[in-house]
Amino acid sequence: MTRPAWRLQAVSALAIWYALLAGFAWMAPYSWREQHREFASAPPTAIRFVDPTGVWRMPFVCSLAPAPDSPGSYREDCAVRHDVWLFGRAQDGRMVVLCPEQPGVLFLFGTDELGRDIFSRSLAGGLVTFATGVVATLVALFLAFLGGSLAGLLGGWPDLLISRGTELLMALPALYLLLALRAALPIQTPPLLAFALAVALISLLGWARPARLLRGVVMSSRGEGYVLAARGFGAGPVYLLRKHIFPRLRGVLGAQAAVLLPQFMLVEVALSFLGLGVAEPLPSWGTMLSSIQYDLVADRRSWLGFPAILLTASILISGRVARAMELRSQPAGGAPRETTP
Amino acid sequence: MLNRKLIQGLVFKRRGHCSPSGLTSLLALLLTLLPVGLWGQDPEFLVSRSPVGRPGGRLVVSLRAEPKTLLPLNALDASSKEIQGLLHADLIHIHRPSQETRSALAQQWSRSRDGMRYTLRLRRGLKFSDGQPLTVADVLFTFQVLLDEAVKAPGRDLLRVEGKFPTLRAVGEDSVEVALPAPYAPAERLFDSIAILPRHKLEAAYRSGKILEKWTMGAAASEIAGTGPFRLKEYLPGQRMVFERNPHYWKRDSAGVRLPYLNEVVMIFSPNPEAELLRFRAGESHLHSRLTARGYSSLSGLPPQERPMLQDLGPGLEQHFLFFNQNDLTGSGMSALLAKRSWLQDVRFRRAISLAIDRAGIARLVFQGKASVLSSHVSPGNRLWFSGASSLPARSVEEARRQLKAMGLILKGDVLVDPSGSPVSFTIAMNAANSEQRQMAAIIQEDLRGLGITVALAPLEFRSLIDRVLNTKDYEAAILALRDGDVDPTAQMPMLLSNGRMHFWRPNQAQPATEWEAEIDRLMKRQISDGNEKRRKENYAQVQRIISRELPFLALVSPHVLIAAHRNLRNVQPSVLAPHLIDGLDEMYWAAENNKP
Amino acid sequence: MPATQTSERVPGWVSVVLSRSLQAAVTLGLLSFCSFALFEWIPGDFLTETAASPAVSPETLAGLRDRYGLDTPLGIRYASWLEGLTRGQLGPSLSYHRDAMGLLLPRLGATVLLNLTALLVALVVALPLAIFAAQNPESRFAGWVGRGMQASLALPELVLVLALFAVAQAYGVPMPGGAAAPADESWLGGLYSLLTGLATPAIALAAGTAPSYFGHMRAAWSEALAESYVIAARQAGLPPKVVRWRYLFPAAANPMVSLLGGSLGGILSASLLVETVTGWPGLGPLLLEAVFSRDVYVVVGAVMFAASAQMAGNLAADLVILRMDPRIRS
């Protein structure tokens with residue numbers, strides 16, 4: 001396959017993946033905040049095709065009821081069946097990807113402690129994680145573009161200042177800047193905004209590597225004939241940046257975006273593991289995963305790990321895009337992975 | 001022991017053919033006296049009331065965090081305090097399972113008629129773990145250091161009675177007299193956990209003003225001496241501490257065997273609850289005192305031959321509660337908060353919220369049923385002081401709506417609005433590291449949504465949270481947990497008194513802001529000097545009734561204390577009071593031949 | 001650092017080392033000051049939790065603030081920190097009542113041990129597979145290995161840790177993170193407990209780095225295979241073993257060395273999160289604890305160590321490139 005075709009394929013795979021995620025999140029069986037307190041910690045609901053008498057039927061779920069003797073376990077009663085409709089209409093008129101007939105319940109990947117549907121939360125949580133990744137990537141790329149091209153164009157002491165400055169930023173412990181940030185925000189700050197600001201702060205520290213890369217490209221293009229010519233005609237740095245440098249950088253920026261996006265999505269996960277993730281009840285892959293470590297060990301509810309599969313798949317797809325976007329021929333198997341801050 | 005053997009030898013000789021001459025008797029007398037002078041006597045043992053066990057073996061316990069110091073004067077964190085219980089002993093000890101005071105290094109004590117003076121007599125023949133004798137001088141030294149203002153020991157304030165400190169003096173060879181500045185009902189409990197320090201090890205450092213730099217975690221094991229059941233053998237930073245049996249311990253069992261039974265105790269550090277549980281289940285550690293409900297049910301699901309001893313001790317002394325900012329914020333510039341003041345600081349609002357919260361749901365969902373619903377700040381786990389007098393009205397969303405309406409807060413569509421027309425909404429801050437509190441907040445959020453109140457949640461890092469609540473007062477509502485170290489109501493004074501620093505909802509008041517706070521102040525001050533146990537209890541029941549009427553904080557639930565121990569361990573004496581298991585380590589023993597060092 | 005040579009022609013690498021060291025010293029100085037200064041912004045201080053304990057009076061609290069020097073102006077504290085640095089001290093840890101240096105060194109050792117183990121695991125897995133894949137580019141197995149490496153690259157460390165914990169639970173494998181107590185006093189028992197503690201974090205880290213070693217090694221080996229002197233050596237009838245170790249390996253090792261230099265720079269910072277999540281007693285958990293308990297000297301000390309290692313690693317990587325690429329040397 002030719003390189004452009006491969007690139008197109010990879011990028012559209014990424015677009016389709018997130019479009020699917022968003023679409024399914026919109027048509028999720030339940031709201032991400034709805035608590036089915038009577039079905040807390042329920043295992044995944046089985047979709048059945050054969051009723052107890054052995055007759056094949058349209059897909060259905062059995063009626064679910066809490067087991068009276070042991071709390072936290074549930075009993076299926078297949079004498080009472082509820083049909084399941086693909087793209088059916090829920091009670092509130094919403095179109096739902098898999099809709100059980102009332103009053104049946106369908107938890108594809110079980111529920112959490114508060115009885116919230118993990119499938120629905122994973123989809124919505126994916127959007128939160130993806131959005132934080134996008135915000136951080138944009139902030140970091142913008143800064144990297146400014147810093148890198150200035151350093152590359154001007155050279156000399158601005159270059160030294162920017163290069164050492166980024167080194168300094170990278171070494172600063174992000175953790176306590178985050179604590180300071182949250183304290184500076186009023187308590188009434190909406191949780192999602194507070195978290196977005198935290199992620200933006202991380203990206204303020206994380207633009208060093210792309211900046212260094214862009215600086216290299218700018219430096220090499222500075223010596224090119226057409227840039228020299230434009231300079232000879234008296235073009236200023238802003239003009240040069242806009243007209244001649246930016247077009248050259250577009251490819252690098254695209255590749256860097258593909259590298260940074262999964263990295264910043266992992267930052268969201270890491271922050272959640274440190275207890276600095278997005279606030280309840282808003283889901284995110286990080287917060288959903290950070291809370292299950294104990295449960296995996298204590299009671300084997302492996303379905304709680306569903307967001308991990310989605311997360312891994314997202315990063316796999318982003319990795320493909322990153323490889324397809326690389327300008328230089330990179331060894332297959334991937335570029336060295338940078339550590340998350 | 002040596003002494004007793006010698007006397008038996010003499011008896012044997014008397015049965016022989018030769019009759020003893022005067023010289024032999026003199027020799028014998030010398031022989032019996034010699035060891036007394038050289039090695040001293042056996043101590044005046046405390047005889048354990050537990051069943052007789054068998055000596056030997058090694059026990060592994062995991063600590064949640066690494067201890068910060070070996071010096072009891074510096075111990076602020078839970079791990080350091082737990083270690084302290086192994087290495088050191090106190091004069092009078094609170095027996096954790098019964099929550100009552102018992103004799104420890106002090107063999108007996110008496111109280112003067114006016115309740116101001118206590119005389120404590122030390123056991124005879126006590127020795128530190130390095131073999132040096134413990135005398136009255138060590139006790140006086142300990143209190144001198146502890147009370148020395150220049151030392152700034154954090155534990156000093158525990159001894160403060162009505163703002164002043166007790167004074168100590170030696171009485172005769174083996175007793176100390178403690179003079180209290182004022183009558184203090186729970187005085188005996190003051191002595192618990194005050195480790196008696198070896199003067200011979202620490203005096204030089206104290207004189208040079210450097211005592212707090214002694215006994216850091218890097219200190220050599222030979223530097224440290226105590227009267228606890230174990231002594232330090234080895235410390236590997238970040239990994240483990242090894243303790244060996246203290247051969248000079250002052251307890252024995254009823255068969256005359258000196259305690260502790262265990263040869264060695266290893267403390268490993270597992271900051272992760274899941275690693276702690278995995279280790280315990282794999283038999284790599286033998287006690288687990290911080291089990292969650294899920295861990296408990298997972299262990300109880302093991303096959304019988306592998307199942308450890310498991311116990312649900314019922315509600316502990318930890319309680320989670322929700323409270324609203326009641327500070328006088330005039331002139332603070334926090335306009336968003338000031339606008340909400342009219343309803344945020346109204347008792348009817350608190351009652352309505354309290355009525356709407358599904359406490360039983362919290363206990364069932366967050367703690368899998370292993371928690372008890374609270375009606376006041378006293379947990380049912382506090383056997384001595386829980387009055388049961390205060391009861392909670394049943395959950396009723398209807399009644400909550402009625403109360404809100406009476407306040408002038410009405411529903412407009414789905415949204416509750418105040419008389420000025422702005423929606424009623426507030427933010428609950430909680431400790432981000434506490435997943436249980438995050439879940440509680442999510443439940444409360446849903447419950448209040450049913451009333452038309454929008455609740456936002458703000459998980460904050462713990463110190464940031466405390467800073468907001470106690471210093472900047474920039475918060476609307478918060479969930480906190482309190483864990484009482486002791487059951488006595490006096491421990492609650494800083495929270496209950498209106499001028500207390502821990503009076504969370506409105507700390508450090510110059511004058512009680514409300515009539516009921518003044519009433520609580522009066523009741524609490526009265527109980528402290530009252531020697532009559534029954535009157536104190538009535539007093540405190542009244543306090544509990546006021547709290548559940550005025551709801552300065554909404555007590556939510558108290559999680560159960562769930563413990564597990566290896567099935568071959570015996571004399572395991574779990575307690576609701578912390579530390580839940582290791583306080584009885586000196587009497588614990590292995591029933592089977594395993595776990596030899 | 002080698003002593004400055006007084007000869008007239010200073011070799012290129014010496015001047016690089018000198019100028020970079022100077023820049024690094026300035027950066028580290030700024031970093032330490034920023035770390036101190038920014039700490040002031042965090043709400044609460046070391047005594048906030050003590051202040052929330054009912055047992056401590058305001059007077060005692062004031063005394064403690066004085067004892068810990070919490071109200072000393074920033075400039076003075078920084079100056080005394082710099083002064084202590086000249087004596088090899090990093091300032092007192094507030095919670096551990098001892099100098100941060102003594103606290104950090106054993107943790108540094110544990111972190112280095114973990115990273116080296118992870119590196120070893122990654123190399124042992126990646127290099128043979130890479131050589132095989134380069135030698136047999138058409139084989140089906142090589143294709144699967146390549147795909148497996150891509151998947152491993154996409155698998156986040158934390159997800160892998162979760163998966164390992166789940167496996168440990170399901171099959172009773174004794175592999176919780178962190179250091180356990182040895183079952184007996186012998187060196188064998190000690191080694192066993194060390195290995196079970198190392199397993200989870202080392203595997204999680206190695207899974208993230210192995211793919212990049214694999215990718216680079218495979219590319220370098222294929223390139224070396226195409227070199228004319230290698231082809232000549234082959235055609236001359238030299239035994240494959242000799243060709244492999246005398247010709248191919250040195251040629252392919254060069255890019256690996258520069259990659260290794262880069263990853264050695266992260267030896268004190270790459271594993272912090274995994275350490276924290278698995279409970280390995282390295283720098284990570286201590287740093288987190290120190291930030292949460294506002295133990296400023298421990299935090300600054302840890303940051304300085306990690307940053308110095310990072311800069312030294314970058315410098316080492318640059319020097320290797322300098323040595324290998326004659327064009328830059330002038």
Side-chain angles (χ1 to χ4, degrees), chain A residues 31-41 66 70-73 111-116 175-176 178-195 198 271-283 287 290-301 304, chain B residues 272-278 281 291-299 301 325 334 336-337 340 358 361 364-369 425-436 438-443 445-447 449 456-464 467-468 472 474-478:
Chain A
S31 137
W32 45 266
R33 66 181 304 164
E34 190 178 347
Q35 299 176 359
H36 306 264
R37 291 192 189 165
E38 68 282 19
F39 293 119
S41 301
S70 60
S73 56
T111 61
D112 66 7
E113 274 88 353
L114 304 186
R116 298 176 296 198
L175 191 59
Y176 68 65
L178 291 174
L179 299 183
L181 172 80
R182 187 62 188 92
L185 297 174
I187 193 82
Q188 294 89 359
T189 314
L192 195 58
L193 178 65
F195 184 69
L271 284 181
S272 305
F273 271 81
L274 298 179
L276 299 167
V278 66
E280 285 269 0
L282 214 59
T287 47
S290 66
S291 60
I292 66 166
Q293 205 168 349
Y294 191 84
D295 297 323
L296 285 181
V297 168
D299 46 21
R300 310 186 185 194
R301 291 183 300 154
L304 288 172
Chain B
N272 299 39
E274 46 280 344
E276 191 179 10
L277 180 65
L278 272 179
R281 193 161 36 193
L291 267 176
T292 62
R294 292 204 176 278
Y296 187 87
S297 66
S298 106
L299 289 176
N325 189 342
M334 288 183 263
L337 251 168
K340 296 174 183 176
D358 183 7
R364 184 169 61 83
L365 299 173
V366 181
F367 297 96
Q368 284 80 48
S425 70
F426 61 91
T427 305
I428 301 181
M430 85 290 304
N431 179 5
N434 189 324
S435 62
E436 284 146 3
R438 291 204 311 259
Q439 290 183 339
M440 277 180 226
I443 289 179
Q445 186 185 39
E446 279 302 291
D447 288 341
R449 209 154 69 111
L457 307 183
L460 298 175
E461 181 259 351
F462 187 58
R463 269 164 218 248
S464 310
D467 193 58
R468 272 188 199 262
T472 64
D474 178 14
Y475 72 102
E476 293 174 343

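First the proteins, then the strands, lettered A, B, ... as listed; each starts at 1.
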Q.
For a salt bridge (charged side-chain N to carboxylate O under 4.0 Å, His left out) check, start with the C-alpha distance between B/Arg281 and B/Glu276, then their side-chain angles and the critical distance, and finish with the verdict.
A. CA-CA 9 Å; B/Arg281 193 161 36 193; B/Glu276 191 179 10; over 6 Å; no

Q.
Do B/Asn325 and B/Glu476 have side chains that approach each other closer than 4.5 Å (heavy atoms only, starting at C-beta)?
A. no

Q) So, A/Ser41 and B/Arg294: side-chain donor and acceptor under 3.5 Å apart, yes or no? A) yes

Q: For residues A/Glu280 and B/Gln445, determine if any side-chain heavy atom of one lies less than 4.5 Å from a side-chain heavy atom of the other.
A: no

Q | Contact origin within A/Leu175 toward chain B - heavy atom pairs under 4.5 Å | A | neither

Q: Side chain from CB out, backbone as N, CA, C, O: work out which of these in B/Ala433 comes under 4.5 Å of a heavy atom of chain A, or both, or neither.
A: neither

Q.
Quick check on B/Ile443 against chain A: is it the side chain, the backbone, both or neither that has a heavy atom closer than 4.5 Å?
A. both

Q) Are any of the side-chain heavy atoms of A/Leu296 and A/Tyr294 separated by less than 4.5 Å? A) no

Q) With only heavy atoms counted, which part of B/Asp447 is less than 4.5 Å from chain A, the side chain, the backbone, both or neither? A) both

Q. Is it the backbone or the side chain of B/Ser298 that comes under 4.5 Å from a heavy atom of chain A, or both, or neither?
A. both

Q | Choice from B/Arg438, B/Arg463, B/Glu446 maximising heavy atom contacts with chain A below 4.5 Å | A | B/Glu446

Q) Which atoms of B/Leu299 come close to chain A, meaning under 4.5 Å heavy atom to heavy atom: side chain ones, backbone ones, both, or neither? A) neither

Q. A/Gln188, A/Arg116, A/Arg182: which one forms the most heavy-atom pairs within less than 4.5 Å of chain B?
A. A/Gln188

Q | B/Lys340 (side chain) donor-acceptor with B/Ser425 (main chain) under 3.5 angstrom | A | yes

Q.
Please classify the contact between B/Asn272 and chain A as side chain, backbone, both or neither, with a heavy-atom cut-off of under 4.5 Å.
A. side chain

Q.
Below 4.5 Å, heavy-atom pairs only: which of B/Met430, B/Arg468, B/Glu461, B/Gln368 has the largest tally toward chain A?
A. B/Arg468

(Q) Under a 4.5 Å cutoff for heavy-atom pairs, which residue among A/Gln35, A/Gln293, A/Arg37, A/Glu34 has the most contacts with chain B? (A) A/Arg37

Q) Considering only heavy atoms, which portion of B/Thr292 lies under 4.5 Å from any heavy atom of chain A: side chain, backbone, both, or neither? A) both

Q. Taking C-beta and beyond as the side chain, do A/Asp112 and B/Gln439 meet within less than 4.5 Å on heavy atoms?
A. no

(Q) Any salt bridge linking A/Arg301 with A/Glu113? Criterion: basic side-chain nitrogen under 4.0 Å from a carboxylate oxygen. (A) yes

